Amino acid sequence: MKTEIDVFSFFQKIMKQFEEKYGKMTFSFKKKNEDFIITDINDSFLSILEVQKGEVVGKIVSDNTSWIGNDLDIKLGEIYSLAWSGKTVVFYCTPTINKSNILLITTLTPILSNNKVHEVLGSCVPLNKGKFNKEFIILKSLKPFIILKE
């Protein structure tokens with residue numbers, strides 16, 4: 001018997017439960033020319049990443065990924081492009097510089113104005129290694145993945 005899981009809905013449920021209990025971790029970005037620029041990030045997300053707002057906001061993502069790990073700059077560009085094309089995207093990544101060994105599950109939701117993407121809003125949920133050790137070990141060994149809701 002084959003069982004199918006709607007992974008998109010599963011991650012959405014995890015994110016909703018986290019946000020209800022701990023509050024939202026959010027950021028936003030826009031595209032200027034061919035670059036994605038972080039336009040805002042809230043204090044909860046800054047705290048998890050252990051960075052200051054000035055290190056992230058107003059910065060081009062591909063030029064400044066030290067706050068999440070330089071090995072993710074190409075992958076983030078691809079993922080952000082998908083969201084900018086109007087798709088809702090869910091992905092996870094393991095920031096390489098964060099001392100707490102977290103796994104970030106992120107949803108990117110395009111905001112439309114006159115049928116064009118004006119901005120993309122991101123919401124994140126951190127999963128801590130200590131609480132999800134088995135799952136964390138399995139997922140950390142994988143490359144980041146993308147789930148599209150079309």
Side-chain angles (χ1 to χ4, degrees), residues 4-98 100-128 132 135-136 138-150:
E4 291 188 22
I5 297 173
D6 181 351
V7 180
F8 187 88
S9 296
F10 174 72
F11 282 132
Q12 290 284 58
K13 184 177 179 180
I14 289 173
M15 294 182 83
K16 183 178 179 192
Q17 289 174 351
F18 177 88
E19 289 173 353
E20 288 172 356
K21 188 170 183 176
Y22 300 106
K24 292 186 175 193
M25 290 179 44
T26 60
F27 67 99
S28 58
F29 66 86
K30 291 186 176 189
K31 187 172 184 180
K32 184 175 180 183
N33 300 322
E34 295 303 311
D35 298 318
F36 295 107
I37 299 171
I38 303 294
T39 54
D40 195 21
I41 184 168
N42 74 354
D43 291 338
S44 299
F45 196 19
L46 289 168
S47 176
I48 290 290
L49 293 174
E50 300 173 358
V51 295
Q52 300 296 313
K53 199 169 206 164
E55 295 175 73
V56 179
V57 173
K59 307 294 183 191
I60 297 171
V61 172
S62 62
D63 290 347
N64 187 33
T65 54
S66 62
W67 51 275
I68 198 164
N70 291 326
D71 58 332
L72 290 175
D73 62 346
I74 294 171
K75 185 54 79 178
L76 284 179
E78 293 170 9
I79 294 168
Y80 284 17
S81 290
L82 286 170
W84 197 260
S85 74
K87 294 175 173 51
T88 298
V89 180
V90 175
F91 72 99
Y92 80 85
C93 62
T94 53
T96 57
I97 60 148
N98 192 289
S100 63
N101 280 331
I102 60 169
L103 175 77
L104 286 176
I105 299 173
T106 305
T107 298
L108 301 177
T109 305
I111 305 301
L112 302 176
S113 176
N114 297 322
N115 291 326
K116 292 177 86 175
V117 177
H118 169 71
E119 185 173 38
V120 174
L121 299 180
S123 293
C124 300
V125 170
L127 300 181
N128 187 290
F132 297 93
E135 296 86 349
F136 184 85
I138 293 167
L139 290 173
K140 192 166 171 84
S141 68
L142 302 173
K143 294 183 186 289
F145 71 92
I146 303 167
I147 304 165
L148 300 175
K149 182 180 180 186
E150 302 195 45

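Basis for what follows: all heavy atoms, side chains included, without hydrogens, waters or symmetry-related copies. For clarity, every value in this text was computed on a predicted model and none was experimentally measured.
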Minimum heavy-atom separation for [X] and [Y], please, with both atom names.
{"X": "Leu108", "Y": "Gly122", "result": "CD2-CA, 3.9 Å"}
{"X": "Phe36", "Y": "Gly77", "result": "CE1-O, 3.8 Å"}
{"X": "Pro110", "Y": "Val117", "result": "CB-CG2, 4.0 Å"}
{"X": "Val120", "Y": "Ala83", "result": "CG1-CB, 3.9 Å"}
{"X": "Ser113", "Y": "His118", "result": "CB-CB, 3.9 Å"}
{"X": "Glu55", "Y": "Lys59", "result": "O-CG, 3.5 Å"}

> Would Ile41 and Met25 satisfy side-chain contact (heavy atoms from CB on, under 4.5 Å), going step by step from the backbone distance to the final call?
Replying inline: CA-CA 8 Å; Ile41 184 168; Met25 290 179 44; over 6 Å; no
> Under 3.5 Å, is there a donor-acceptor pair between the side chain of Ser85 and the main chain of Leu82?
Replying inline: yes
>> So does Thr26 get a backbone contact from the side chain of Asn42, meaning a donor-acceptor N/O pair under 3.5 Å?
In response: yes
>> Run Leu104 and Leu49 through side-chain contact (heavy atoms from CB on, under 4.5 Å) and show every step you take.
In response: CA-CA 10 Å; Leu104 286 176; Leu49 293 174; 4.3 Å; yes
> Do Asp35 and Phe29 come within less than 4.5 Å of each other through their side chains, counting heavy atoms only?
Replying inline: no
> In a check of side-chain hydrogen bond (donor to acceptor under 3.5 Å, both in side chains) between Thr39 and each of Glu119, Lys32, Lys30, which one passes?
Replying inline: Glu119
> How are the rings of Phe27 and Phe45 set relative to one another: parallel (under 30°), tilted (30 to 60°) or perpendicular (over 60°)?
Replying inline: tilted
> Is the count of non-hydrogen atoms from other residues, nucleotides or ligands lying under 6.0 Å from Glu20 atom CD greater than 12?
Replying inline: yes
> Has Lys16 got more than 12 heavy atoms of other residues, nucleotides or ligands less than 6.0 Å from its NZ?
Replying inline: no
